[in-house]
Amino acid sequence: MLVDLDYFYAQIEERRNPSIRDKPVVVCVYSGRTEDSGVVSTANYIARRYGVRSGMPIVLAKKRLKDVESVFLPVDHDYYREISDRIMMILRGNADSFEQVGIDEAYLDVSQRTGGDFEKAAALAQLVKSEVRVQEGLTCSIGVGPNKVVAKIAADIRKPDGLTIVRPEEVKGFLSKLPVNRLIGVGKKTAERLEGLGVRTIGDLAGYDLQRLIECFGNSLGAYLHNASNGIDDEPVQERGEAESISRIATLKEDTLDLGVTTQTTDRLCQEVHERLVQRGLSFKSVGIVAVMKDLSIRTRSKTFEGPTDDLEVLRGTVKELFEKFLAESKVEARRVGVRISGLVKEKEAQKRLTRFF
DNA sequence: GTATGCTTTCGGC
DNA sequence: TTACGGCCGAAAGCATAC
């Protein structure tokens, strides 16, 4: 089953201050550039009725809500993380195996403890919803199905506070009428390309020739589209380890092509990334930079070392070098700049021995 | 031909 | 009319090694 916590950030804010429950609540990421620059992270369902959506500029959300008393709040990520961690413990306790996806979603494999009986699984889903509601005062929506793809789509059918069960014999009928964009991995771009092939629903996709799909979308996505649309998915529910990369990005006060200006910001970002690296006792092998340009296009550059290091000055220096090269050849100004490290390894001791040797 | 590793882009939340 | 975050993993595309 897939458990999805409803409009998570905004619901937490409603719980923290119940007096806002009957108003539109919009949780925002303020970029700090101007008073209201930034985007909507999550909105409650009242705000959604006015057309407010995740990823929408805050200014636009305010426009949609100009005639109604509403509440705009900044994200409080550490607080949401605490609550998420507690809820994930509850969920984990109800699963044979468990896989958290993001801060507000998790897959629970319950086939062992239910013996594959969907009636038992439905009862377990009700129990999970009630535990989350009683212990944390929050609602969630759950989808139950024979695999992850079906469970995920099922969870989206009825929300908030929904529960949708799709038994194996119901899968085909359940999927066939839904639009292709309900499948994970099918965003705007893939949906448009499919539309061009005359494929609008998952049923259309299920009946489409596999070889043609592979020609159009490559081996991986082609095979996935074919299998998923037919309700076939063997992906195991698997515990996810720690993140494989650490990154920070920030919006500049003004768009620029000046290395001195970007370095002021990236030096700080390097320090924060490095702090998280040290906390986890790791070293990194690759350094990447990302720039979001004035026109919102995204550019990245990266460099990989021969061996791992945990040196902040190496990180700062590499980031500066990468930006120096990048900015020199760039025509548009940068709006946001970021730093990412990857190739993370637990190799502090081995590395120290090596550097001493040379 | 196949495996592996690196750089960049895409897209989910 | 425009407006615009901050993460993360997956995979495409390419080069090189075997």
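Here is the naming used below: chain letters follow the sequence lines, and residue numbers restart at 1 for every chain.
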Can you tell me the distance, in whole Å, between the [atom1] atom of [X] and the [atom2] atom of [N]?
{"X": "A:Arg268", "N": "C:dG6", "atom1": "CZ", "atom2": "P", "result": "11 Å"}
{"X": "A:Lys303", "N": "B:dC6", "atom1": "NZ", "atom2": "P", "result": "14 Å"}
{"X": "A:Ile341", "N": "C:dC8", "atom1": "CD1", "atom2": "P", "result": "10 Å"}
{"X": "A:Leu344", "N": "C:dC7", "atom1": "CG", "atom2": "P", "result": "15 Å"}
{"X": "A:Arg240", "N": "C:dC7", "atom1": "CZ", "atom2": "C1'", "result": "14 Å"}
{"X": "A:Ile246", "N": "C:dG9", "atom1": "CD1", "atom2": "C1'", "result": "14 Å"}
{"X": "A:Phe72", "N": "C:dA3", "atom1": "CZ", "atom2": "P", "result": "18 Å"}
{"X": "A:Asp104", "N": "B:dG12", "atom1": "CG", "atom2": "P", "result": "15 Å"}

Does [X] have a side-chain nitrogen or oxygen under 4.0 Å from the phosphate oxygens OP1 or OP2 of [N]?
{"X": "A:Thr251", "N": "C:dC4", "result": "no"}
{"X": "A:Arg276", "N": "C:dC8", "result": "yes"}
{"X": "A:Thr304", "N": "B:dC6", "result": "no"}
{"X": "A:Ser247", "N": "C:dC7", "result": "no"}
{"X": "A:Ser302", "N": "B:dC6", "result": "no"}
{"X": "A:Ser245", "N": "C:dG9", "result": "yes"}

### Query
Which class fits the ring pair A:Tyr9 and A:Tyr80: parallel under 30°, tilted 30 to 60°, perpendicular over 60°?
parallel
Students often get this wrong, so: under 4.0 angstrom with heavy atoms, is [X] touching a base, only sugar-phosphate, or nothing?
{"X": "A:Thr42", "result": "nothing"}
{"X": "A:Gly338", "result": "nothing"}
{"X": "A:Arg301", "result": "sugar-phosphate"}
{"X": "A:Arg33", "result": "nothing"}
{"X": "A:Arg335", "result": "sugar-phosphate"}
{"X": "A:Asp36", "result": "nothing"}
{"X": "A:Thr300", "result": "base"}
{"X": "A:Lys152", "result": "sugar-phosphate"}
{"X": "A:Val339", "result": "nothing"}

### Query
What nucleotide among B:dC13, B:dG11, B:dT9 has an atom nearest to a side-chain atom of A:Ile184?
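Taking heavy atoms from C-beta onward, the closest nucleotide is B:dC13.
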### Query
What nucleotide, of C:dC4, C:dG5, C:dC8, holds the atom closest to the side chain of A:Ala243?
C:dC8
### Query
Does the side chain of A:Thr309 pick up a donor-acceptor pair with the side chain of A:Ser283 at under 3.5 Å?
no
### NZ/A:Lys320: more than 12 non-hydrogen atoms of other groups inside 6.0 Å
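Count not over threshold, so no.
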### Query
Would you find more than 12 non-hydrogen atoms of other residues, nucleotides or ligands less than 6.0 Å from A:Asp295 atom CG?
yes
### Query
When you match A:Ser220 and A:Ile249 each to their closest nucleotide on DNA chain C, which lands nearer the 5' end?
A:Ile249
### Summary
On DNA chain C, more 5' by nearest nucleotide between A:Glu244 and A:Val39 is A:Val39
### Donor-acceptor pair under 3.5 Å, A:Lys63 side chain vs C:dT1 base
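Result: no qualifying N/O pair found.
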### Query
Does a distance-only test, which skips hydrogens and angles, find a donor-acceptor pair under 3.5 Å between the side chain of A:Arg182 and the base of B:dG12?
no
### Query
Among A:Arg336, A:Arg335, A:Arg33, which residue meets the side-chain hydrogen bond (donor to acceptor under 3.5 Å, both in side chains) test with A:Asp255?
A:Arg33
### Query
Between A:Tyr45 and A:Tyr7, does the ring centre distance come in under 6.0 Å?
yes
### Query
Can you tell if the side chain of A:Ser70 reaches within under 4.5 Å of the side chain of A:Tyr50, non-hydrogen atoms only?
no
#### Entry: C:dG5 to B:dG12 separation - C1' atoms, rounded to the nearest Å
14 Å
